[in-house]
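The basis for the numbers below is simple: all heavy atoms, side chains too, and nothing from hydrogens, waters or symmetry mates. Below, read A as the first sequence line, B as the second, and so on, with proteins coming before strands; counting in each chain starts at 1.
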Amino acid sequence: MRRVAIVGAGMTPFGEHFDLGIKDLLPMAVTEMAASVDKGFDRDDVDGVWFGELTTTDGFPSGIVADSCGLLDVPVTHIENACATGQDTLRNAVLGVASGYVDVALVIGADKVRETSARSTFWDWMAMTRDMAWDYPLGLVAPANFALHVSRYLHEAPATREHLAMIAVKNHHHGVSNPKAQLRQEITVQQVLEAPIVVEPFGLFDCTPQSDGAAALLVVGEDVADRYTDRPVWVRGFGLGLDRVMHQHKRDMTTFPPTVKAAKAAYAMAGVGPADIDVAEVHDCFTGVELISYEDLGFAERFRGHELVERHDTTVGGRIPVNPSGGLKAKGHPPGATGIAQCVELFEQLRGESTNQVDGARVALAHNIGGPTAVSGVTVLAAERG
Amino acid sequence: MSAVAAIGTYLPPWADGGDRVGGPDEDAVTMAVEAGSRAVGTVDRVVLVTRELPLLEGGNGAVVLAGLSLPDSVPVVEQVGGGPAVLDAIATSSPGTLVLAADAQGAGAVLIGPGDGIEPVGRVLRSLPVRVRTADGRQYEDDDPRLVRERGMRPGLARVLGDHKPFAVAGVSRRDTSALCAGDPPVLPTAGASSAVFALAALADERAAGVVAAVEQATVSALYADTGSAVVSRHEPRPRSLPSRRPSPGPDIKLSFAAYERAFDAKVRWQAGRCPSCGTLAMPPRHRCLGCGEEGSATLVALPRTGIVYTTTTIRVGVPGIPTPYSLAIVELDDVDVRVLVTVTDAEPGAVAIGNRGRLVLRRVATRTGVPDYGFAFSPEVAA
């Protein structure tokens with residue numbers, strides 16, 4: 001299969017866009033992406049579209065992309081894979097390009113979470129991920145899925161709620177410089193620890209906000225990349241991992257096996273290991289999820305993720321900066337857009353253009369987990385073609 | 001010819017302003033099952049007496065049988081009534097009948113066995129409807145306790161008992177009890193249907209024979225019982241203050257009746273699917289075996305009802321349709337390789353920790369678009 005490059009990347013700001021519908025956000029993201037293409041981009045070049053979205057707010061997803069973005073003459077594929085939708089949408093587009101089926105693919109992800117009232121959103125979104133008889137009616141709300149993992153993790157590992165708070169503080173700090181981020185204020189460990197508890201052990205500042213937004217990538221075959229830029233970012237590896245859906249069937253809740261599986265596949269395809277990663281965007285829907293993911297991605301040994309936090313290894317300037325964009329925590333989390341937006345940040349990092357630049361970043365990793373905790377997507381990007 | 005073979009009692013662990021109350025996940029059916037599971041023996045008929053039937057259109061009986069692990073072919077009489085109706089049911093039922101009595105404060109169960117220990121004494125049904133609940137659910141209450149005492153209770157008891165002073169009178173105030181009964185009558189924890197069983201349990205505690213009466217407004221019934229051979233099992237924890245929970249506005253949790261029906265036996269009978277090839281248990285049951293991949297041949301087997309908390313969380317944020325806070329736990333069941341995700345009951349939210357032991361008990365684990373959704377919940381030992 002031929003090599004595949006990202007030659008353009010852009011996104012809308014993430015936030016509560018009460019004034020914008022999904023049909024507004026999608027074309028805005030495409031335009032933002034087009035502006036990043038060094039040698040210009042004509043949308044007639046697009047041979048196919050892959051669209052990641054969890055829930056539709058205004059009807060038929062693929063049709064809305066084609067219609068709202070002026071892409072009526074190419075196939076549009078809708079991808080939904082829980083919170084791993086972003087990485088999986090990119091994976092499917094890359095396969096389309098690598099196989100030669102298309103030369104130029106538009107990858108776009110979006111969700112409009114704040115379209116219905118926060119209250120009805122609650123159960124509408126929960127119904128997507130839970131068994132109607134066995135765990136949905138018990139009130140297993142989204143944060144509780146992750147809290148069951150993190151409670152057990154904190155029981156077995158030396159990490160404490162303070163370490164979770166330090167991750168929130170770091171990601172808020174990172175988000176301040178990101179003009180697209182939803183929450184752009186510094187917070188303190190004390191503020192995190194004193195905030196109202198949402199779902200134990202998560203306080204308000206341990207949780208991602210509810211967000212609307214869209215993000216887009218232009219993904220092309222190696223033989224056409226130089227039409228668009230002399231500085232492409234290469235998709236070097238990807239993986240998608242799954243696990244039992246019900247928590248009662250997961251043997252060890254201190255780890256996310258989908259991440260381990262996805263990372264293993266992505267590293268093998270890219271020919272790199274965790275030590276080679278210069279910067280990563282990691283799924284931090286809740287602070288504890290970022291902490292556990294350090295271990296699942298191989299950045300830290302089992303039950304030693306908190307040491308990275310204590311040493312500030314994952315802060316920009318540290319050994320392996322994580323979530324320089326602010327992460328889901330500060331940048332926001334419109335699920336279909338989240339993974340694509342991670343790659344927007346890494347595209348900029350690998351070209352030396354981020355507003356929160358990691359010096360000398362050459363190899364980067366993006367990670368999503370969802371379902372909740374039953375699917376993970378990992379993508380390895382690099383400045384070199386490899 | 002019948003006798004009292006076994007008596008089970010159940011009181012919820014909560015009080016609200018001094019009155020014993022069921023928890024937010026309890027109702028007459030779950031409390032009746034709690035009491036009934038303590039009156040152990042062979043059962044071929046169930047009579048449930050209560051004025052608090054959760055489902056007036058039906059469905060209570062199936063939950064009672066499932067919760068008690070009785071076959072779904074056992075007849076269940078759902079009877080609207082109070083203490084006098086409970087004594088009537090005990091006096092007139094044949095051996096093998098399990099009489100369940102439930103009200104808002106607790107429940108009792110009497111298993112009728114062979115013998116000659118039960119004799120009806122008498123009953124009188126008169127009308128003094130000072131408390132009214134109409135078919136549309138509206139309630140009216142007349143606050144005139146002296147009228148009820150002078151024109152309801154006293155003449156009724158006189159008609160049934162004459163000058164005889166009974167061992168206990170259920171459904172009346174403590175002060176009235178002392179005046180009406182011989183000796184030092186038992187203090188009964190409830191006043192509704194279950195109070196008649198608590199009165200019999202008090203008699204059985206003394207392994208005695210005597211007359212027990214029950215009063216409800218102006219209706220009175222009494223029976224003579226020799227409880228010398230009755231086995232009594234009580235669950236009557238010291239009441240704690242009912243934790244406050246906050247409702248949040250918003251839509252109810254949706255219900256799929258197809259999914260409800262498919263899950264019912266496993267969920268309410270507390271049974272797992274067992275693979276005939278490799279023996280692996282699956283909870284909930286599933287088409288494809290978790291162990292060996294065998295498909296479509298699992299059979300339901302009973303699960304243990306004790307276990308230890310593997311992980312837990314407490315939801316404190318407002319949740320539409322479920323008052324908060326509430327706790328969830330994943331529990332490792334004893335002696336089997338099965339974990340279950342369950343709500344936590346009988347405990348203050350957040351009180352359960354990893355490693356706590358407890359029992360799995362039938363509760364109304366959710367109410368969805370008005371439909372009670374029964375299943376098993378974790379009741380920690382620490383709370384008892």
Side-chain angles (χ1 to χ4, degrees), chain A residues 116-128 130-157 195-204 206-207 210 243-254 286 288 372-373, chain B residues 248-264 266-267 282-284 286 290 309-333 337-344 349-350 353-355 365-368 371 373 375 377:
Chain A
T116 49
S117 80
R119 288 177 188 137
S120 55
T121 301
F122 223 100
W123 292 120
D124 290 349
W125 286 71
M126 281 304 301
M128 296 178 58
R130 297 265 52 106
D131 186 284
M132 280 304 280
W134 288 95
D135 39 29
Y136 175 81
L138 305 186
L140 184 65
V141 296
N145 287 288
F146 294 94
L148 288 167
H149 282 273
V150 174
S151 291
R152 183 71 198 187
Y153 178 87
L154 293 178
H155 178 76
E156 291 195 38
I197 294 291
V198 174
V199 168
E200 290 171 12
F202 303 138
L204 185 63
D206 289 288
C207 306
Q210 290 188 334
D243 193 14
R244 298 283 181 203
V245 174
M246 289 184 156
H247 301 310
Q248 31 304 32
H249 299 151
K250 293 168 182 164
R251 299 314 308 169
D252 180 357
M253 291 187 72
T254 65
F286 302 94
T373 79
Chain B
S248 300
D252 269 355
I253 319 172
K254 288 175 190 161
L255 171 72
S256 159
F257 275 112
Y260 171 98
E261 190 278 332
R262 285 195 305 274
F264 184 88
K267 194 167 155 177
M283 189 61 171
R286 44 189 283 138
L290 284 163
V309 174
Y310 171 75
T311 188
T312 182
T313 185
T314 298
I315 290 82
R316 298 198 179 276
V317 67
V319 175
I322 307 179
T324 50
Y326 58 91
S327 295
L328 301 174
I330 291 179
V331 176
E332 289 181 338
L333 299 181
D337 188 20
V338 172
R339 283 186 200 150
V340 291
L341 174 73
V342 288
T343 54
V344 174
I354 291 171
V365 295
T367 302
R368 298 196 272 171
V371 179
D373 191 2

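Of the listed residues B:Thr324, B:Thr343, B:Leu328, the one with more heavy-atom pairs under 4.5 angstrom with chain A than any other is B:Leu328. Top candidate by heavy-atom pairs under 4.5 Å with chain B, chosen from A:His155, A:Met253, A:Gln248, is A:Gln248. When each of B:Leu290, B:Thr314, B:Ile315, B:Val331 is scored by its heavy-atom pairs under 4.5 Å with chain A, the top score falls to B:Thr314.
Counted within 6.0 Å of CG on A:Asp252, heavy atoms from surrounding residues, nucleotides or ligands total more than 12; the atom is thus considered enclosed.
Looking at B:Ala266, both its backbone and its side chain come within 4.5 Å of chain A, counting heavy atoms on both sides. Contacts between B:Tyr310 and chain A at a heavy-atom distance below 4.5 Å involve backbone atoms as well as side-chain atoms. Only the backbone of B:Val342 comes within less than 4.5 Å of a heavy atom of chain A; no side-chain atom from C-beta onward does. Heavy atoms of B:Thr312 lying under 4.5 Å from chain A belong exclusively to its backbone. Interface residue B:Val365: backbone and side-chain heavy atoms are both found under 4.5 Å from chain A.
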Between A:Met246 and B:Ile330, is a side-chain contact (heavy atoms from CB on, under 4.5 Å) present by the stated rule, with each step listed?
CA-CA 11 Å; A:Met246 289 184 156; B:Ile330 291 179; over 6 Å; no

List the steps and the verdict of side-chain contact (heavy atoms from CB on, under 4.5 Å) for B:Leu341 and A:Trp134.
CA-CA 8 Å; B:Leu341 174 73; A:Trp134 288 95; over 6 Å; no

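In terms of heavy atoms, B:Lys267 sits closest to A:Ala133 at NZ-O, 2.6 Å. Summarising the geometry of A:Pro137 relative to B:Asp373, their closest heavy-atom pair is CB-OD2, 3.5 Å, with the distance given to 0.1 Å. Nearest heavy-atom pair, B:Tyr326 versus A:Leu138, reported as atom, atom and distance to 0.1 Å: CE1-O, 3.7 Å.
Inter-residue side-chain proximity for A:Glu200 and B:Pro325 is flagged as unmet; no heavy-atom pair is nearer than 4.5 Å. No side-chain heavy atom of B:Arg262 sits less than 4.5 Å from a side-chain heavy atom of A:Met132. Counting only heavy atoms from C-beta outward, the side chains of B:Arg286 and A:His249 approach each other to under 4.5 Å.
Using a distance-only test at 3.5 Å, with no hydrogens or angles considered, no donor-acceptor pair links the side chain of A:Arg152 to the main chain of B:Ile354. For the pair B:Thr311 (side chain) and A:Leu148 (backbone), a donor-acceptor distance under 3.5 Å is present. Between the side chain of B:Arg339 and the main chain of A:His247, no donor-acceptor pair closer than 3.5 Å is present.
Between the NE2 atom in A:His149 and the OG1 atom in B:Thr313 there is a gap of 11.5 Å [rounded to 0.5 Å].
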